[in-house]
Structures are given as structure tokens and as C-alpha cells.
Amino acid sequence: MDQFLTFGIVGLSTAAIYAVIGSGLVLTYTTTGVFNFAHGAAGMLAAFTYWQLTVGWGMPVWLALLLTLFVLAPGFGLAVERFVLRPVQALGEAERLVTTVALLSGLIAAARWIWDPNVARPLPTFFAGRKPIHLGPATITWHQALTMIVAVLVAVGLRILLYRTRRGAQMRAAVDDRALVGLTGADPVRAGKLAWILGTQLAALGGILIAPTITLDAAQLSLLIVSAYTAAVFGRLRSLPLTFVGAIVVGCMESYLTGYLPQNQYLPGLRLAAPALLLLLALLVFPHRRLRGRERRLARVPVPSARGTLVFAAAIVAFGLVLGTLLDADQLVTYGPVFSLGVVALSYVPLTGYAGQVSLCQLSMAGIGAVVWGHLGTHGGLWALLATMAVTGVAGALVALPALRLSGVYLALGTAAFAVVLDRWIFTLPTVHVLGLNLSFFDQGSVNAVGPDLFGWHLDDGRELMVFAAVCLALASIGVAALRRSRFGRRLIALRDSEAGYATLGGNLLVAKVAVFALASGIAGLGGALYGMQLNSVTADQFSLVNGLPIFLVAVVGGLGAVGGGLFTGTAYVAPTNALVAIAPGTQNLVALLPGLAGIGLGHNPDGVVPRFRDDWAPLARDRIALPLLLATLALAWLLRYEDTINDWTFYGGCLLLAFALRGWASARQAAPAVPEIPVEWWGVRRPWRHEDGEVLARGVAAR
């Protein structure tokens with residue numbers, strides 16, 4: 001009984017911290033309509049800052065607390081509201097969600113840059129020198145008592161603020177109709193600022209309270225928010241009392257699992273993954289009302305032509321041939337994943353770009369693909385590659401089944417929780433024996449992967465594998481483009497625009513979601529298998545949620561509705577960053593920060609880079625003089641570089657300068673006077689009827 005009470009006290013003290021952090025999350029969402037994925041990262045940053053002030057610089061604890069909680073945390077909250085979230089406030093829920101995910105990724109990278117993750121930073125508990133409090137058989141430290149008292153004070157203070165003050169009423173009303181709140185004489189911008197200040201302060205307070213009890217690590221502290229997410233979902237993102245109940249459930253569950261979970265080789269990861277599993281269960285069991293701030297900005301998804309898609313696929317293969325013939329062995333290891341990670345990023349196009357299903361577990365699906373190929377493809381058979389796609393497709397379909405009742409923020413939370421379960425438990429399991437089958441994942445280590453066998457020709461060289469990955473990306477791009485032009489592709493666009501409208505018109509939500517999740521997961525599994533082939537050996541850490549966030553962000557910046565997003569993401573994520581590190585090794589931390597910064601800047605170009613890039617370079621592609629001249633010159637430059645007549649800098653720099661010069665020349669040659677826009681009622685009369693006009697009209701009518 002004494003042990004049970006001891007673990008109960010530990011669980012309640014941890015629950016108090018989760019309640020503080022979760023209440024800040026609920027406060028921000030209830031008053032601004034923004035679900036802040038970076039809430040835990042703000043607490044992590046505050047914990048590191050508190051350590052720096054107290055342990056690093058020797059500042060008194062009381063002064064460090066005042067500076068962190070009442071100066072730095074409010075300043076950070078105001079900066080996030082003004083420069084990060086206000087530019088995307090008028091956009092849809094997906095854009096705001098992506099912005100907070102970008103902030104999460106950026107803060108983790110920034111913390112690792114400022115504080116070396118290889119250096120231990122122990123942080124003492126509060127009142128560490130005082131004797132503990134004895135309540136019968138239970139013993140409570142002063143730090144545990146402090147956390148419980150703080151949680152009670154936070155609960156009372158927030159209740160009074162939100163439901164007993166005029167400012168609280170303004171904060172709650174601002175999320176529903178900012179314009180209407182402004183007509184009453186209130187200032188919705190000021191209410192949003194106050195919400196972000198208080199939310200950041202609560203995150204900072206929770207981070208400081210929990211930091212002495214765990215390792216001061218940027219990723220670990222930031223992902224503790226999964227437990228706070230669970231508490232907030234218990235409260236259905238609006239009820240503070242239920243959020244505190246959820247925090248108690250999570251805290252006590254973690255504590256009792258630590259004390260009573262049987263010791264064997266299969267269960268250690270279960271304790272770490274338990275909050276994510278509970279989050280999944282809460283998402284599926286609890287009813288969810290309409291998401292706050294659910295307005296959606298409907299963007300047109302371009303329809304790629306068959307001819308343009310084939311030209312683009314040929315360009316991918318040509319790009320792979322050029323890189324495969326010019327890169328040396330070390331460079332192939334560094335830049336080889338351009339095409340394999342491009343395949344993983346391409347999986348976001350049908351899933352998120354077409355169907356509007358936000359998933360944060362696509363790199364985890366790639367990890368499943370790498371594992372399956374590593375175990376089935378030991379002899380390189382192509383059947384194993386098809387089996388890899390099939391297995392990951394089944395895994396994606398299993399994720400889609402519970403996702404049927406989730407959307408938006410809830411779906412993103414569910415897929416993130418699934419990724420955490422894979423990271424912390426499934427991928428760490430040893431070989432499992434089920435029904436006479438031996439199921440093995442990374443087996444607490446790494447998985448070796450070999451190249452495929454193409455009709456007796458075994459691909460094991462880095463150059464061959466790079467070209468093979470380029471061919472796979474080209475074929476996958478053709479397939480995704482064909483999907484967009486198909487009837488099922490149009491159905492996915494309708495599903496993205498309105499699930500209720502899709503179901504009302506006879507669409508089957510279950511079939512559509514299962515099919516698109518399975519398809520996207522199969523593509524991601526193919527990318528994971530290719531990635532494993534190129535690296536020869538992969539570990540579970542390479543497919544974690546934290547590593548998947550930058551790829552997701554680069555894909556969003558490229559444009560989730562564009563088929564070229566796969567090649568763009570692979571190239572932008574791998575090539576410039578590694579090239580910059582090779583030129584200036586000291587910029588490695590800066591490079592890790594770039595995806596987060598790019599995602600934060602999404603509000604300036606919500607449609608993505610790829611559509612704009614395509615429009616800018618279209619004149620060159622249509623020019624009958626400039627395009628052949630460019631291709632001939634590129635071929636000559638490649639030949640000179642292949643013969644070592646010129647070096648890398650001359651080749652790549654010269655090709656870029658020539659391409660930009662010819663693009664400008666082609667644009668000038670094709671420039672024409674502006675033509676006034678033709679009203680919609682004259683389409684097909686004053687100008688020819690276009691293939692996409694019917695869809696534009698249908699979606700315009702549906703939006704009304």
C-alpha cells in the first residue's frame with residue numbers, strides 16, 4: 001500500500017504540471033482558435049532559459065523566475081502572435097496548424113543550436129534542501145507540493161478570468177466572430193495578445209516545474225506536450241475542469257506503469273508510448289464538437305496535363321542521370337536521398353493536397369517500408385518492393401479507419417500520436433512471435449537494406465541506386481498526376497472542400513479516406529525502401545516524428561497540391577542544406593533551422609513555391625529557340641564536367657546563370673499587352689472553353 005501511495009503522489013505531481021501546460025493550450029485555443037503545436041516547445045525554451053540564468057550564470061532563483069515568467073515569456077508570446085500567427089489568421093485552419101508545427105520544429109532546432117545537446121544540464125528541484133512532508137505512509141517533497149499548489153492556483157485564476165471578467169468574455173468571443181466583437185467596442189487583437197501572453201506563461205511555468213525531474217533535452221521536453229495534448233483532448237479543447245481530470249489520468253497512468261509494469265523485453269517502450277496511446281483513445285472515444293475557427297480557404301488544385309507530366313518525369317530521370325554520373329562516392333551518400341525522400345514527400349500530394357487529410361506520420365510509414373524491405377528484400381526481388389508498398393498501404397488503411405471521425409487538428413493530433421507510438425515502442429520491439437510468424441522491426445538496432453535485382457542485374461552501386469530512385473520518383477509522379485485527372489481525383493478534391501457535401505452527394509467517406517491513406521502510405525513505403533537501399537543501413541531514429549516535421553514543412557512550402565512538390569522537397573531538403581554545410585561547416589545548426597523558418601513564412605505564399613516556379617519558367621519551356629539552346633548547352637557542360645574539363649562550381653553555377661538568363665530572354669520575347677479578364681458568363685464565347693473551367697464553376701457554386 002505504501003508503494004501504491006508513493007507512486008500516486010508522484011503521478012499527481014506530474015499531473016499538476018500537465019494540467020498547467022494543458023490549461024495554457026486550452027486557453028490559447030479557446031480564445032484565439034489556434035491549436036498551438038509549439039506550446040510544449042515554448043515551455044522547453046523557458047526551461048533552458050531558466051537553467052541558463054540560474055545554473056549557467058548564477059542568477060538568484062527568484063530573479064530568474066521573474067525574468068523568465070514575467071518578461072521573456074510574455075515577450076515571446078507577443079512576438080509569436082504578432083509576427084508568426086497574425087499573418088496567417090485570415091487563412092484556413094490548415095495554414096495556421098502548419099505554422100505552429102513550423103514553430104515547433106524551429107524552436108527545437110534553435111534550442112539545439114544554443115545549448116549543445118551533448119552536454120548534460122541537471123537542474124535542481126525547488127526547495128531541494130528541505131525535509132520532505134510526511135502524510136502517514138506517503139512522502140511528499142516540497143517540489144511536488146509546489147507543483148500541486150501552482151496547478152490549483154492556475155485553475156482558479158483561469159476560471160475567474162474567463163468567466164468572471166469582461167476581458168475574459170472578450171477573449172472567448174473573439175474566436176467566433178472577430179468583426180462582431182470589434183463592433184461592440186472591444187479589441188479582438190488585444191484579446192488575442194493577452195491570450196498568447198497567458199498561454200506562453202503557463203507553458204513556461206510547466207516547463208520550469210518539470211525540467212528538474214527529467215533530462216533537459218530539447219526534443220524530449222517539447223514532446224512532453226503529447227501528455228498535455230491528451231489532457232486537453234479530455235477537456236475537448238474547451239473545458240478546464242475536464243482538462244485537469246485528463247491530466248490526473250495521464251500523470252497517474254505514467255507513474256503506475258513505471259511502478260507496476262512487468263519487466264520484460266516487450267514492455268519498456270509501452271510506458272513511454274502510453275500518453276500517445278491514451279491520446280489516440282481519447283480522440284476516438286470522446287465526442288468532438290465543431291472545431292473553432294474552422295473557416296477554410298479553398299485553393300484551386302492545378303490539373304497537370306499528360307504531356308507536361310511526361311516531360312517533367314523525363315526531367316527527373318535526366319536529373320538523376322546527371323547527379324549519378326557526376327557525384328563521387330561520398331557525395332552520393334550525402335545527396336543520394338534527394339529522390340527517395342522526394343518519393344516520401346510526394347505522398348503528401350494525394351493525401352493532404354488533394355483530400356485535405358493532414359498527416360504527420362508519413363515518415364513513420366516510410367520507416368515501416370524500410371523495415372519491410374530490409375526483411376523481405378534480402379535478395380533484391382522486385383516482388384518484395386511491391387510487397388513493401390502493399391504492407392505500408394495496409395498500415396495506412398488501418399490509420400484511416402479511426403481517422404474517419406477525425407479532421408483538421410484532431411486528425412493531425414491522431415497521426416502525430418501514431419508516429420510517437422511507433423517511435424517509442426513499436427520500432428524498439430525485439431522479434432515478436434505471432435501465430436508461427438516472426439515479426440521483426442529494428443530489433444533495438446538497425447536494419448540492413450540491399451539494392452533491387454532487375455532481371456538479373458543487381459543494383460548495389462550508389463550511382464545505380466540514385467538513378468533507380470529517380471525513375472521511381474518519375475513513375476510515382478506520373479501516377480499522382482493521373483490520379484488528379486481521374487474521377488477519383490476529382491472526388492478527393494470534393495472531399496477536401498466539404499466532407500458533409502461529399503457524403504450528401506453520395507460519396508462514401510470510409511472508402512475514400514481508406515483508399516487515399518493506403519495510397520499515400522504505399523508511396524511513402526516505397527520512399528522508405530529506396531532510402532534504406534541508398535544508405536545500406538537505417539535506424540529507427542531516422543524515421544521519428546521530429547525528423548519527419550522538416551520534410552512535412554518543406555513539402556508544404558513547395559505546395560501540397562503540386563505534383564512537382566516531391567522533387568522540390570527532396571531537392572530543397574537535401575541539396576542546399578548539405579551544400580551549405582560542406583562550404584561552411586559552422587552553419588549546420590542554421591541549416592537545421594531553415595525548414596522551420598520557411599514554414600513560418602507560409603502566410604506570405606500559402607499556395608506554395610512550385611506553382612509560382614512553374615508559372616515563372618513556363619515561357620522558357622514554350623520558347624522554340626531558348627529551350628533547345630538551353631538543353632544543348634547543358635548537355636555540353638555535362639560532357640565537359642564528366643571529362644573533368646571544368647569543376648563542380650563552374651558546371652552548376654554556369655548552368656544556373658544560363659538558365660536564368662534564357663528565362664528572362666524568353667519572357668521578354670513572349671511578353672504581350674495585358675488582356676482584360678473575361679467575365680465568367682462569356683467563357684466559351686469570347687475565349688475557348690478550357691478543360692478546367694467546368695470544375696472551377698462547379699466548385700464556385702458549391703462554395704456558395
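Quantities reported herein were computed from a predicted structural model and do not represent experimental measurements.
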Mind checking whether [X] and [Y] have side chains closer than 4.5 Å, heavy atoms only?
| X | Y | answer |
| --- | --- | --- |
| Leu398 | Phe517 | no |
| Arg614 | Phe312 | no |
| Leu545 | Ser364 | no |
| Arg484 | Val563 | no |
| Arg496 | Val301 | yes |
| Thr230 | Leu281 | no |
| Ser340 | Leu473 | no |
| Val322 | Phe651 | yes |

Q: Answer yes if the ring centres of Tyr348 and Phe552 are under 6.0 angstrom apart, and no otherwise.
A: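 For Tyr348 and Phe552, the ring centres are under 6.0 Å apart.
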
Which value, rounded to the nearest 0.5 Å, describes the distance between [X] atom [atom1] and [Y] atom [atom2]?
| X | Y | atom1 | atom2 | value |
| --- | --- | --- | --- | --- |
| Leu326 | Tyr335 | CG | OH | 13.0 Å |
| Leu277 | Leu279 | CG | CG | 9.5 Å |
| Met253 | Leu278 | CE | CG | 4.5 Å |
| His39 | Thr100 | NE2 | OG1 | 12.0 Å |
| Leu103 | Leu85 | CG | CG | 7.5 Å |
| Arg424 | Leu272 | CZ | CG | 6.5 Å |

Determine yes or no for a side-chain-to-main-chain donor-acceptor pair under 3.5 angstrom, with [X] supplying the side chain and [Y] the backbone.
| X | Y | value |
| --- | --- | --- |
| Trp373 | Leu526 | no |
| Arg121 | Asp116 | yes |
| Gln357 | Ala355 | yes |
| His458 | Gly380 | no |
| Ser347 | Ile523 | no |
| Gln534 | Gly336 | yes |

Could you tell me which non-hydrogen atom of [X] sits nearest to which non-hydrogen atom of [Y], and how far apart they are?
| X | Y | value |
| --- | --- | --- |
| Trp425 | Ala273 | CB-CB, 3.8 Å |
| Leu567 | Phe319 | CD1-CD2, 4.2 Å |
| Ala42 | Leu107 | N-CD1, 4.2 Å |
| Leu459 | Glu464 | CA-OE1, 3.5 Å |
| Ile551 | Ala345 | CG2-CB, 4.4 Å |
| Pro350 | Leu483 | CB-CD2, 3.8 Å |

**Q.** Pairing residues for Leu332 by the side chain to side chain contact (heavy atoms under 4.5 Å, CB included) criterion, not counting sequence neighbours
**A.**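 For Leu332, the residues satisfying side chain to side chain contact (heavy atoms under 4.5 Å, CB included) (neighbours in sequence not counted) are Leu327, Arg463, Met466.
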
(Q) List the residues meeting side chain to side chain contact (heavy atoms under 4.5 Å, CB included) with Leu413, not counting sequence neighbours, and say none if there are none. (A)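 Result, side chain to side chain contact (heavy atoms under 4.5 Å, CB included) vs Leu413: Phe35, Phe37, Tyr229, Val233, Leu283, Val409.
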
Q. Does the pair Tyr18 and Glu254 meet the rule for a side-chain hydrogen bond (donor to acceptor under 3.5 Å, both in side chains), with working shown?
A. CA-CA 12 Å; Tyr18 292 159; Glu254 290 182 352; 2.8 Å; yes

Q: Write out all pairs satisfying side-chain hydrogen bond (donor to acceptor under 3.5 Å, both in side chains) with one or both partners inside residues 553-573, taking only residues at least two apart or from two chains.
A: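 side-chain hydrogen bond (donor to acceptor under 3.5 Å, both in side chains) check on residues 553-573 returns no pairs.
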
Could you go through residues 386-393 and list every donor-acceptor pair under 3.5 Å that involves a side-chain atom there, pairing it with any protein atom two or more places apart or in another chain?
unit_1, atom_1, unit_2, atom_2, d
Thr388, OG1, Ala384, O, 2.8
Thr392, OG1, Thr388, O, 2.9
Thr392, OG1, Met389, O, 3.0
Thr392, OG1, Ser521, O, 3.3

Q. Given Leu530 and Cys472, is the side-chain contact (heavy atoms from CB on, under 4.5 Å) satisfied, shown in steps?
A. CA-CA 9 Å; Leu530 295 172; Cys472 290; 3.7 Å; yes

Q: List the steps, then state whether side-chain contact (heavy atoms from CB on, under 4.5 Å) holds for Val399 with Met365.
A: CA-CA 10 Å; Val399 173; Met365 292 296 176; 3.5 Å; yes

**Q.** Test side-chain contact (heavy atoms from CB on, under 4.5 Å) applied to Gln542 and Thr539, step by step
**A.** CA-CA 6 Å; Gln542 292 172 292; Thr539 63; 3.6 Å; yes

Q) Of the options Ile210, Ile108, Leu45, which is the one that meets Leu221 in a side-chain contact (heavy atoms from CB on, under 4.5 Å)? A)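 Only one of Ile210, Ile108, Leu45 forms a side-chain contact (heavy atoms from CB on, under 4.5 Å) with Leu221, namely Ile210.
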
Q) Would you say the side-chain atoms of Asp541 and Ser544 include a donor-acceptor pair closer than 3.5 Å? A)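 No, Ser544 and Asp541 have no side-chain donor paired with an acceptor closer than 3.5 Å.
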
Q. Does a donor on one side chain sit under 3.5 Å from an acceptor on the other, for Ser359 and Gln362?
A.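 Yes, because at least one side-chain N or O of Ser359 sits under 3.5 Å from a partner of the opposite role on Gln362.
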
Q | Test log, rule side-chain contact (heavy atoms from CB on, under 4.5 Å), inputs Leu216 and Trp115 | A | CA-CA 10 Å; Leu216 203 58; Trp115 294 281; over 6 Å; no

Q.
Please enumerate all residues that pass ring-ring contact (aromatic ring centres under 6.0 Å, His included) together with Phe613, with sequence neighbours excluded.
A.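 Applying ring-ring contact (aromatic ring centres under 6.0 Å, His included) to Phe613 gives Trp617.
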
Q | Residues which pass side chain to side chain donor-acceptor pair (under 3.5 Å) with Ser105, listed by chain and number, not counting sequence neighbours | A |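 So Ser105 forms no side chain to side chain donor-acceptor pair (under 3.5 Å) with any residue.
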
